[in-house]
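What follows is one structure encoded as structure tokens, with my remarks underneath.
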Amino acid sequence: MPGSLDPLDVGVQIPYHFRCPISLELMRDPVTVCTGQTYDRQSIESWVATGNTTCPVTRAPLSDFTLIPNHTLRRLIQEWCVANRAFGVERIPTPKQPADPSLVRSLLNQAAAQSNHMNSRVAALRRLRGLARDSDKNRSVISANNAREILLAIVFSRMDSDSSELNHESLAILSMFPLSEPECVFVASDPERVSYLVAMLFHSSIDVRVNSAALIEIVVAGMRSPELRAQISNADDVFEGVVGILNYPLAYPRALKVGIKALFALCLVKQHRQRAVSAGAVEALIDRLQDFEKCDAERALATIELLSRIPSGCAALASHALTVPLLVKIILKISERATEYAAGALLSLCSASEQAQKEAVAAGVLIQLLLLVQSDCTERAKRKAQMLLKQLRDCWPEDSIANSDDFACSDVAPF
């Protein structure tokens with residue numbers, strides 16, 4: 001349910017003491033601070049995170065930042081929600097409590113101790129993974145206890161084809177966290193570690209494959225060194241492994257999301273984009289383009305534009321029957337960024353191929369471009385549209401030229 005309800009809409013007023021004093025919205029996870037005041041957990045955590053050290057209501061100093069769950073109030077709120085469900089009020093779920101830092105430290109020590117039995121170490125990692133999945137707060141607690149260093153050591157403790165479940169569980173947890181630049185360098189600077197992650201892209205378990213791709217993307221995106229980024233993108237079979245994840249036949253949203261993030265990061269290394277084309281990246285991108293969610297579609301289109309800038313990528317895109325129609329269709333549909341990337345890719349294709357020009361015109365690109373230059377899209381997108389219109393000047397049908405006076409207010413340069 002929404003955090004607050006309009007009584008005019010649902011015919012019910014939220015009791016004052018059920019509202020958070022900070023947000024004035026219905027509390028979903030009420031917690032009490034040391035002054036005795038109760039707030040919604042998210043609100044008071046945000047209050048403290050911004051540097052405030054006093055109680056918002058009493059203005060008394062918060063000598064202790066411990067948040068104690070107010071179970072009684074939470075149950076009363078849940079009962080009120082149930083009693084008012086006829087007015088469209090949904091029952092708030094019972095929140096999961098944040099991980100206890102002492103428990104997190106104990107689990108990390110249990111997982112790191114090589115003297116412990118393998119099953120005990122794996123069990124500790126599985127519990128840590130469950131905590132990390134539950135909330136951002138839990139991930140912050142885990143990260144604050146030197147978890148990344150411990151997990152990196154476990155992931156690369158055995159780098160062969162018989163790597164154990166211990167390595168895979170550590171990899172799954174590590175893929176949920178951003179790494180510092182020194183940690184990224186630790187991975188990227190060792191060819192054996194890079195080769196191990198690439199090998200995991202071909203593991204029999206799709207989860208292991210996706211987690212490995214996620215860590216590769218985190219490492220590549222987390223470094224400023226162009227040499228180390230190029231070293232990863234030049235690793236044998238890295239593009240084949242990532243493209244294989246994109247081509248995974250079953251519906252697995254995380255595979256698409258992680259696969260496109262990894263492919264985009266690798267394709268930012270210009271000198272190795274040819275390897276992406278050879279691995280079948282173009283076909284995978286076009287075939288799965290309509291399956292991506294908005295943010296991932298933007299990243300996929302950005303990757304397509306990058307590949308369209310090299311001859312082999314441009315040729316591969318031009319040879320796919322759906323490339324031009326899909327790019328034309330996307331203009332002004334998904335987002336400003338998506339429109340800009342689609343226009344850029346079309347500009348590269350039409351600059352290299354008369355056949356692509358004809359296909360674009362047949363797909364209705366002219367009207368799309370004329371609308372684009374009059375829209376509130378980015379200036380870069382408009383420039384690309386103007387350049388593409390010039391490129392297509394010889395393909396304009398007579399009736400389109402005649403009707404172009406309708407767009408006299410556009411800023412397309414005359415040609």
Side-chain angles (χ1 to χ4, degrees), residues 1-110 124 127-150 173 176-178 180:
M1 64 172 285
S4 60
L5 299 173
D6 187 341
L8 296 177
D9 290 340
V10 299
V12 62
Q13 178 67 49
I14 300 175
Y16 175 77
H17 53 285
F18 288 176
R19 293 180 181 268
C20 173
I22 299 175
S23 67
L24 301 181
E25 296 181 347
L26 182 69
M27 288 187 281
R28 306 179 68 84
D29 186 7
V31 292
T32 302
V33 299
C34 61
T35 61
Q37 295 295 321
T38 297
Y39 305 92
D40 196 38
R41 182 185 295 276
Q42 182 177 357
S43 297
I44 190 62
E45 285 181 343
S46 298
W47 170 268
V48 172
T50 53
N52 295 294
T53 58
T54 59
C55 174
V57 171
T58 66
R59 297 297 178 184
L62 292 174
S63 56
D64 182 355
F65 292 98
T66 302
L67 304 179
I68 302 174
N70 191 328
H71 297 298
T72 300
L73 180 57
R74 190 248 308 152
R75 282 193 290 268
L76 288 172
I77 292 174
Q78 289 177 323
E79 290 172 1
W80 175 84
C81 290
V82 171
N84 289 277
R85 62 177 178 268
F87 298 101
V89 180
E90 296 180 6
R91 181 182 184 275
I92 62 171
T94 301
K96 294 183 178 180
Q97 298 307 311
D100 184 348
S102 61
L103 171 62
V104 169
R105 286 191 292 271
S106 175
L107 292 173
L108 286 169
N109 290 335
Q110 182 180 335
R127 192 166 180 191
L128 275 172
R129 178 153 64 126
L131 291 173
R133 281 175 170 172
D134 279 348
S135 66
D136 291 335
K137 177 68 175 177
N138 283 0
R139 287 190 288 276
S140 297
V141 172
I142 293 171
S143 184
N145 282 276
N146 201 33
R148 299 193 305 270
E149 181 179 340
I150 293 172
I173 303 172
M176 301 182 197
F177 294 90
S180 66

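- Between L62 and C34 the shortest side-chain heavy-atom distance falls below 4.5 Å.
- The CD1 atom of I77 lies 5.5 Å from the CZ atom of F18; values are rounded to the nearest 0.5 Å.
- Remark: I173 CD1 to R148 CZ distance equals 13.5 Å, nearest 0.5 Å.
- At distances below 3.5 Å, at least one donor-acceptor pair connects side-chain atoms of N138 with backbone N or O atoms of L131.
- Between the Q78 side chain and the I92 main chain, a donor and an acceptor come within less than 3.5 Å of each other.
- Taking CD of E45 as the reference point, atom NZ of K137 lies at 4.5 Å (rounded to 0.5 Å).
- No side-chain donor-acceptor contact under 3.5 Å links R19 to the backbone of Y16.
- No side-chain heavy atom of Y39 sits under 4.5 Å from any side-chain heavy atom of L67.
- Here the side chains of D40 and R28 are in contact, with some heavy-atom distance below 4.5 Å.
- In this structure, CG on L107 lies 14.0 Å from CZ on R129, to the nearest 0.5 angstrom.
- Residues P15 and L76 fail the side-chain proximity criterion, which asks for heavy atoms closer than 4.5 Å.
- M27 has its side chain out of reach of N70: every pair of non-hydrogen atoms, C-beta onward, lies at least 4.5 Å apart.
- Looking at L128 and L108, their side chains come closer than 4.5 Å, going by heavy atoms from C-beta outward.
- Taking the side chain as every heavy atom from C-beta outward, W80 and L26 approach each other to under 4.5 Å.
- Proximity of a side-chain donor or acceptor of R139 to a complementary backbone N or O of A132 within less than 3.5 Å is detected.
- Side chains of F65 and I44 form no contact here, defined as non-hydrogen atoms less than 4.5 Å apart.
- Between the side chain of S140 and the backbone N or O of D136 there is at least one donor-acceptor pair closer than 3.5 Å.
- For R127, the CZ atom sits in a loose shell: 12 or fewer heavy atoms of surrounding residues, nucleotides or ligands are nearer than 6.0 Å.
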| query | Could you go step by step and tell me if D29 and Q42 meet the side-chain contact (heavy atoms from CB on, under 4.5 Å) rule? | reply | CA-CA 8 Å; D29 186 7; Q42 182 177 357; over 6 Å; no
